[in-house]
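Convention: sequence-line order gives letters A, B, ...; per-chain numbering from 1.
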2 protein chains.
Amino acid sequence: MTDPTVRALRLLSLLQTHRFWSGGKLAERLEVSARTLRRDVERLRGLGYRISAEPGAAGGYQLQAGSALPPLLVDDDEAVAIAVGLRVAAVGGLDDAERTSLSALAKLEQVLPRNLRRRVAALQEHISPVVWGEHKRVSADVLAQLALTCRDRERVRFHYTARSGEETQRLVEPHSLVAQGPRWYLIAWDVNREDWRTFRIDRLAKLHGTGVRVQPRQLPGENAAEFLKADRPGAAPQYEAMFRLHMDRRSFHTHFGAWGRDAVENAEGVMEWRVRGRTPQEVLAYMFWLPDGVEWDVCSDDDAVRAAASAFRDRLAQLAVR
Amino acid sequence: MTDPTVRALRLLSLLQTHRFWSGGKLAERLEVSARTLRRDVERLRGLGYRISAEPGAAGGYQLQAGSALPPLLVDDDEAVAIAVGLRVAAVGGLDDAERTSLSALAKLEQVLPRNLRRRVAALQEHISPVVWGEHKRVSADVLAQLALTCRDRERVRFHYTARSGEETQRLVEPHSLVAQGPRWYLIAWDVNREDWRTFRIDRLAKLHGTGVRVQPRQLPGENAAEFLKADRPGAAPQYEAMFRLHMDRRSFHTHFGAWGRDAVENAEGVMEWRVRGRTPQEVLAYMFWLPDGVEWDVCSDDDAVRAAASAFRDRLAQLAVR
DNA sequence: ACCAATGCGGCCAGATCATGTCCGCATACC
DNA sequence: GGTATGCGGACATGATCTGGCCGCATTGGT
């Protein structure tokens, strides 16, 4: 432990895993004298990390929240947990979080050792049914891989099945990923066709990078989301329904928190809550999260939602003791 | 940029955000000569990070997946995304992931600047209804805070509402957090009562740390999970139901992936799938994720599940056009 | 075949930094 | 008051870091 650089990292790591350390302990761990340790702490402070210290018998050093984030030193298990969380966020449709989740994921996956990557993939499969739906599932693997190639402007090859069912092989320069409702799209420059194309990611197979990196290209139009909107109008249909709950405003908000902020109290003790979803089923799924013992009903203008509802009702009517 | 330590961190950061860099660019960014840059790269390699390099006109440096994880250098947005993902995983009940999610979260929250913490809290509220249910929601804030105090053996105070409704004030030394079915428990040494106690986290209020750190205590028994099991037998009731789907084995597995691995094909083209959940509602919620256009029915031995089903059916029968 | 761009690493001289030791001081808890 | 802790000045020694130079190897394009 003779290199100051190594020590700086180790020190940060130690301060991240146990909040309090005495100088003596730290010096021992780092195999340096107490004086040198103080100098190391001083250096980290100079770098912007807020390390507080307390004198006295119960004293010690502590890494505090500062204005800048220190490098995160995580162990294997934690890295797996982070990767899984990010993949759920990216695929599960967490609104705005999607894009940044992907960029963080790209960073992590780039350096994730192979065995950890396997664990992530295994865990990923246990995750919530939120990722299901009518549409084909988007593979988080593919998404993570594409995020990397977009970032690095690396050409990729894949097979693509067009809406017509025709299957073609493509060689493209990825530009960006956009989530549109339940679907993910890749916007890329198609090398053979010499034009911009959008690809639905669930239609794409046998993806692999070519290792060839290219100069970034200028996408026509404002940004990727705008481009997609122009290219695929109406790609994100929305379904909605209205729930009417017999509960007072306070208990409603206690139960639903920020989720229910759109609800209005239409009469004393009756909350009206308009919910939206990507599929009729998803809209109706809200009913499973209503509190027990509360009177409610649901209504909708939308034929698709009502058709789904009556289908569910018929099925439930047949529920039998096994 | 004259300090080698700073440069090492910056270099890692640069290599994490763009996969490829030429030596010249890097040297320019770090404001050192190309020779020094090579030495820096050499040093990082000596530290165990695998940095590959390619000579030639299209050459450059690249950080690869190695056996060890480099320190993660994330920007603000990414940190927020990570924190949100981890909180969802911890609260949403991702089985084994819970404990490690919490430990990673503790690391991150410890150093998360205040403004970012606000963003995390705001986003957290938009997250999936999975966290709802019959039980009171567990606050991810409280959970994260407790994870920190457990790790650091910091005494905390809180108000606790016993099952009887009696409210007491407690001063405890947190030992560990355990997820039991839908609930989270804190296992701690109660300072005033001089004994070990378990607390349901959703019954706990006005939590704040005292800043006092104490020596770790030895928990009687194997580990925290064992202790809880002895202290609160039968804390995790399970509900179950059986879905019968008219689909062939292949399309079933295509649709459900690893989730459906327990299903068996009881006759040609009929899959039987036993699902479990923490509440009757959660069990039934599976029906919303069944593929469109497939015949199915559901059955259950459990009175609670069947009561919930018929309640839903009645409600759906009343669905009206608004 | 040639050229340009890139990475690699040896060598050197001078400047800089890091280290351990010793010291006195301040602070907090018992 | 005693003890454990953190703070930082001074100093001498030795290690290191840096920039500049060199020739070499590899790669890709002209």
| note | Its contact letters, B for base, S for sugar-phosphate only and - for none at protein heavy atoms under 4.0 Å, make nucleotides 20-30 of chain C read BB-----BB--
If I take atom [atom1] in residue [X] and atom [atom2] in nucleotide [N], what distance separates them, rounded to the nearest angstrom?
{"X": "A:Leu37", "N": "C:dA18", "atom1": "CG", "atom2": "P", "result": "14 Å"}
{"X": "A:Tyr61", "N": "D:dC7", "atom1": "OH", "atom2": "P", "result": "4 Å"}
{"X": "A:Leu26", "N": "D:dA4", "atom1": "CG", "atom2": "P", "result": "18 Å"}
{"X": "A:Trp21", "N": "D:dG6", "atom1": "CH2", "atom2": "P", "result": "13 Å"}
{"X": "A:Gln62", "N": "D:dG6", "atom1": "CD", "atom2": "P", "result": "13 Å"}
{"X": "A:Asp3", "N": "C:dC17", "atom1": "CG", "atom2": "P", "result": "15 Å"}
{"X": "B:Leu30", "N": "D:dT18", "atom1": "CG", "atom2": "P", "result": "11 Å"}
{"X": "A:Lys25", "N": "D:dT5", "atom1": "NZ", "atom2": "P", "result": "9 Å"}

| field | Non-hydrogen atoms of A:Arg119 and A:Asp77 that approach each other most closely | value | NH2-OD1, 2.8 Å
| query | Which atom names give the shortest non-hydrogen contact between A:Arg117 and B:Ala65, and what distance separates them? | reply | NH2-CB, 4.0 Å
| query | Take atom CD in B:Glu194; do more than 12 heavy atoms of anything else shown fall under 6.0 Å from it? | reply | no
| request: Please determine, for the side chain of A:Ser22, which listed nucleotide (C:dA18, C:dT6, D:dT5) has the closest atom? | output: D:dT5
I want to check something: taking the side chain as every heavy atom from C-beta on, are [X] and [Y] in contact at a cut-off of under 4.5 Å?
{"X": "A:His175", "Y": "A:Arg217", "result": "no"}
{"X": "B:Arg43", "Y": "A:Asp3", "result": "yes"}
{"X": "A:Phe158", "Y": "A:Arg203", "result": "no"}
{"X": "A:Ile51", "Y": "A:Leu15", "result": "yes"}
{"X": "A:His159", "Y": "A:Thr168", "result": "no"}

| remark: Under a 4.0 Å heavy-atom cutoff, the residues of residues 41-53 of chain A touching DNA chain C are A:Arg43
Starting at [atom1] of [X], measure out to [atom2] of [Y] and round the result to the nearest 0.5 Å.
{"X": "B:Leu148", "Y": "B:Leu143", "atom1": "CG", "atom2": "CG", "result": "11.0 Å"}
{"X": "B:Leu116", "Y": "B:Ile82", "atom1": "CG", "atom2": "CD1", "result": "11.5 Å"}
{"X": "A:Lys25", "Y": "A:Tyr61", "atom1": "NZ", "atom2": "OH", "result": "15.0 Å"}

| To the nearest 10 degrees, how far apart in direction are the end axes of the helix from C:dA1-D:dT30 to C:dC30-D:dG1, each fit to five base pairs? | 50°
